[in-house]
4 protein chains.
Amino acid sequence: MTPAPNPELRNQRSHRAILDAALELALRDGYAKVTVEGIAQAAGVGKQTIYRWWPSRAAVVLEALNDRSGPASQVPDTGNVEADITATAEAVIRLLGTDLGTVWRGLVADAQGDPRLAEDLRRTFFEPRMALWRERLQAAVEAGELRTDVPTRTIVELLFGPVYHRLLIMGPDTLDPENTAARVDYLLNGIRKR
Amino acid sequence: MTPAPNPELRNQRSHRAILDAALELALRDGYAKVTVEGIAQAAGVGKQTIYRWWPSRAAVVLEALNDRSGPASQVPDTGNVEADITATAEAVIRLLGTDLGTVWRGLVADAQGDPRLAEDLRRTFFEPRMALWRERLQAAVEAGELRTDVPTRTIVELLFGPVYHRLLIMGPDTLDPENTAARVDYLLNGIRKR
Amino acid sequence: MTPAPNPELRNQRSHRAILDAALELALRDGYAKVTVEGIAQAAGVGKQTIYRWWPSRAAVVLEALNDRSGPASQVPDTGNVEADITATAEAVIRLLGTDLGTVWRGLVADAQGDPRLAEDLRRTFFEPRMALWRERLQAAVEAGELRTDVPTRTIVELLFGPVYHRLLIMGPDTLDPENTAARVDYLLNGIRKR
Amino acid sequence: MTPAPNPELRNQRSHRAILDAALELALRDGYAKVTVEGIAQAAGVGKQTIYRWWPSRAAVVLEALNDRSGPASQVPDTGNVEADITATAEAVIRLLGTDLGTVWRGLVADAQGDPRLAEDLRRTFFEPRMALWRERLQAAVEAGELRTDVPTRTIVELLFGPVYHRLLIMGPDTLDPENTAARVDYLLNGIRKR
DNA sequence: CGCTAATCGAGACGGTACGTCCCGTCTTGCC
DNA sequence: GGCAAGACGGGACGTACCGTCTCGATTAGCG
């Protein structure tokens, strides 16, 4: 087993340079074109320094992306779930439509063949954001706005599942923040004819 | 410009051997480990024969997968949308949970960085299946079972989006055909407290 | 086991380019600075093409050196061993003093840690040359010029051993073709006081 | 300019550990596999400590080898050069046939591309031994046993050259202490038919 | 029924990136 | 200030595949 490196001796300058280079390359050339060799060169760093701290190029880009995105932001609570969800979901969808969203798609793609990365992606990206949504939804349940028999985790999935469908399968150009309000309406009121 | 090869001269034995080898390798070693070289060797075929007829390993595996899966199957129409949707969706979800689903994840992954493949995947896999769903849903709309203001395309997305969320993001082990009925219930009746 | 490549399909142009590049680099930068990567680049060739046909950079340089040096040349037979030996030995020593001799030193050095190379070096370089010397010496023995109880192999060693001593141990600048005649005299007549 | 380290502050324990580790590794794994990193680890020492006191792994191994071999030993003087030379040369040849000889071959190899090491090797290993031989041979010259017109340096080369030929070129397994007497005979009496 | 042109298997080729090994230097506390 | 420890920038290693290319050897249909 490789002896784990000692994080206290980590060179902060190199760490930053690597993250910056990785994200810049991903945004400029597309995630698929990012290579460890390229990051190392762009960051003025030896390849070994990257391999010492990350298991793969994907892990570097993930950290770079999280580093750039900052922490997940709170879902507002105005007392009206429908409005709050619509507004925040729109913002998320808009973000996923940018270059960062494209990088993010590449990470999700890589994660399909790399369980370690999939786990990291969930842990550092999805779960924190999902937790905030669930908190807000729980408040709505308690305020009597939502059914009590639907797990908040499921609600988040019902809400965002279609977004990922568009992003990963129908192609990102089909992502459409405009229709968020309608989708939230369907979700809240159902599609059954009354 | 290279003259397009004449499909009539295509060697049927090789064609079959390539598809079979590609799928077998994908199922045995995982999609990520499949290489054109490996397929060629396993199929007893020259690499050029693969490149002559397909643009990439992904295209081969896609054709192999479609070939194996057969055509999309009709959604039944018993007159009860909820039951019909639930039963058929369960079957789809069960399929996605098998090894074939894993191969399919690999294809979706590759498609993120390969617009040509993404297009093929949509055209040969998603659209046919979605068309059948939309047909059945349109019947339900006309039968007065569903709201008339929701595009059938959107309904399919609302229904399957969460499945892809589970499959591609939360990990395929979290796929759960049991809960299909509940999800269909939420979708039809909404999650708002009444 | 790696399947041996088929020599009939070998690309002659690449073969030549590799040998030429290897020798040129060895002469220009010194044997120690030669790398497989450098040869490949200079020859406009993929690294794999080198590894396909040679086991190491040393093997490439050895073939390049043998290719350049041409076959071993006959030792003349004027009927006077002393003169023949002296003249030919002088030529050899002079050659070892050139740049080619320096490359050759590098090969002998590498051979110390690479039995396969050592064997190749003996087989393709030393043995053919030694065989010619032994032939000439055998003629001298039969002509009654030399003792019959000294193996010709030993004579060659007695003659060239000191040359290698100078070349490999005392430093190549101490190689001195001028003294060849004296050394041949000592060898023939002995150093015992009479 | 880096100030030269002060030898008085040198840690004796580390010094010993480094020499011991270096030689042990060279004997165990072969000289070619010895690395500074490996020595440092085996000696429980920082790499810098090695680089502070030696210019290269070869320098370490050379010192270790000299340290282990002890000083060159006197050539005996019984009044009979032939016997004295034969006996002592046999001992030397026997030593070169051991593992130490193999390490020594590695050093000579490295010296081909490292003039500094070549110089050190000559100064600390060859010259002292050669000086003792020359002393003994000079006594023989003065005792009227040897020709006066052959430099003692040349005699040593004539005697040991063939040994190095065997060791470095024909392969160390061809080293044969048994034939020392015959070779000394040829050297003293010449190989010319009388 | 043999001709000829495209396809086939095989695999060598120029390349790119991989992940590893070690180099020799630098940095950080401990003694 | 020497030291153990080990991170650092760097260079080369030998390997895996990429997509293209060159070979004969089948193997069509067409003449």
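Numbers restart at 1 for each chain; the letters A, B, ... are given by sequence-line order, proteins then strands.
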Student: 5'-most contact on DNA chain F: A/A43 or B/T35, nearest heavy atom basis?
Tutor: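 Comparing both residues, the 5'-ward one is A/A43.
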Student: Please state how far atom CG in D/D29 lies from atom P in E/dC21, giving the value in whole angstrom units.
Tutor: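 So the CG-P distance, D/D29 to E/dC21, works out to 15 Å.
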Student: F/dG14, OP1 or OP2 - any side-chain N/O from C/W54 closer than 4.0 Å?
Tutor: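 Answer no for this pair, as no side-chain N or O of C/W54 is under 4.0 Å from OP1 or OP2.
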Student: So, does C/R52 get its side chain near the phosphate of E/dC13, meaning an N or O under 4.0 Å from OP1 or OP2?
Tutor: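 Checking C/R52 against E/dC13: at least one side-chain N or O falls below 4.0 Å of OP1 or OP2.
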Student: Just the rounded figure in Å: distance from C1' of F/dG14 to CD1 of C/I39.
Tutor: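 Atom CD1 in C/I39 sits about 14 Å away from atom C1' in F/dG14.
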Student: Centre of C/W54's six-membered ring, under 6.0 Å away, within 45 degrees of the axis: is that where NZ or CZ of C/R10 sits?
Tutor: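 Yes, a cation-pi geometry.
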Student: So, do A/W53 and A/H15 sit near enough that their side-chain heavy atoms are less than 4.5 Å apart?
Tutor: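 A/W53 does not reach A/H15 side chain to side chain.
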Student: Which nucleotide sits closest to the side chain of C/Q48: E/dG15, E/dG11, E/dC18?
Tutor: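 Of the candidates, E/dG15 comes closest.
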Student: Can you identify which nucleotide, out of E/dT25, F/dC8, F/dC3, has its nearest atom closest to the A/W53 side chain?
Tutor: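 My answer, after comparing the listed nucleotides, is F/dC8.
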Student: Would you kindly give the NE2-to-C1' distance between C/H15 and E/dG14, to the nearest whole Å?
Tutor: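 Value for this atom pair: 17 Å.
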Student: Closest approach of C/A64 and C/L23, non-hydrogen atoms and distance?
Tutor: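 Answer, listing the atom of C/A64 first, then C/L23: O-CD2, 3.8 Å.
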Student: With respect to the side chain of A/R10, which nucleotide from E/dA17, E/dA12, F/dC8 is positioned closest?
Tutor: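 Taking heavy atoms from C-beta onward, the closest nucleotide is F/dC8.
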Student: Please give, in whole Å, the distance from F/dA7 P to A/I50 CD1?
Tutor: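 After rounding, the gap between these two atoms is 16 Å.
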Student: Starting from the 5' end of DNA chain E, give me the residue, A/E8 or C/G44, whose nearest nucleotide shows up first.
Tutor: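 Upstream on the strand: C/G44.
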Student: Could you tell me how far apart C/R16 (CZ) and E/dC13 (C1') are, to the nearest whole angstrom?
Tutor: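 Checked: the CZ to C1' distance equals 18 Å.
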Student: Return the 5'-most residue of the pair A/V45, C/E37 with respect to DNA chain F, ranking by each residue's nearest nucleotide.
Tutor: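 Result of the comparison: A/V45.
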Student: Could you tell me how far apart C/N6 (CG) and F/dT22 (C1') are, to the nearest whole angstrom?
Tutor: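 These atoms are roughly 13 Å apart.
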Student: Does C/L9 or D/P55 map to a spot on DNA chain E nearer the 5' end, using the closest nucleotide for each?
Tutor: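 Closest to the 5' end, via its nearest nucleotide, is C/L9.
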Student: Between E/dC23 atom P and D/D110 atom CG, what is the distance in whole Å?
Tutor: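 In whole Å, E/dC23 P and D/D110 CG are 11 Å from each other.
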Student: Pair B/L25, B/Q41 - check side chain to side chain contact (heavy atoms under 4.5 Å, CB included), show working.
Tutor: CA-CA 11 Å; B/L25 288 175; B/Q41 183 136 2; over 6 Å; no
Student: Going by atom type alone, with no hydrogens or angles, which donor-acceptor pairs under 3.5 Å involve a side-chain atom of residues 30-38 of chain C and a protein atom two or more places apart or on another chain?
Tutor:
residue, atom, partner, partner atom, Å
C/Y31, OH, C/D110, OD2, 2.5
C/T35, OG1, C/G38, N, 2.8
C/E37, OE2, C/K47, NZ, 2.8

Student: Where the side chain of D/N11 is defined as all heavy atoms beyond and including C-beta, which of E/dC8, F/dG9, F/dC3 is the nearest nucleotide?
Tutor: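 For D/N11, the side-chain atoms sit closest to F/dC3.
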Student: Measure from the side chain of B/S14, starting at C-beta and using heavy atoms only, and say which of F/dT20, E/dC8, E/dG24 lies closest.
Tutor: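 Between F/dT20, E/dC8, E/dG24, the one nearest the side chain of B/S14 would be E/dC8.
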Student: Please give, in whole Å, the distance from E/dT7 P to B/R13 CZ?
Tutor: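 Rounded to the whole Å, the gap is 18 Å.
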Student: Quick one: which of E/dC13, E/dG9, E/dG19 gets closest to the side chain of A/K47?
Tutor: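 Of the candidates, E/dG19 comes closest.
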Student: Just compare F/dC17, F/dC13, E/dC8 and give me whichever is closest to any side-chain atom of C/Y51.
Tutor: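 Nucleotide nearest to C/Y51's side chain: F/dC13.
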Student: May I ask you to evaluate whether D/T49 reaches the phosphate of F/dA4, defined as a side-chain N or O under 4.0 Å from OP1 or OP2?
Tutor: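 Yes, such a contact exists.
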Student: Please find the pair of heavy atoms, one from A/R122 and one from B/G171, that lie closest to each other, and give the distance.
Tutor: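 Smallest interatomic distance, heavy atoms only, reads NH1-N, 3.5 Å.
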Student: Within the 4.0 Å heavy-atom criterion, would you say C/G38 contacts the bases, only the backbone, or no part of the nucleic acid?
Tutor: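 Touches nothing.
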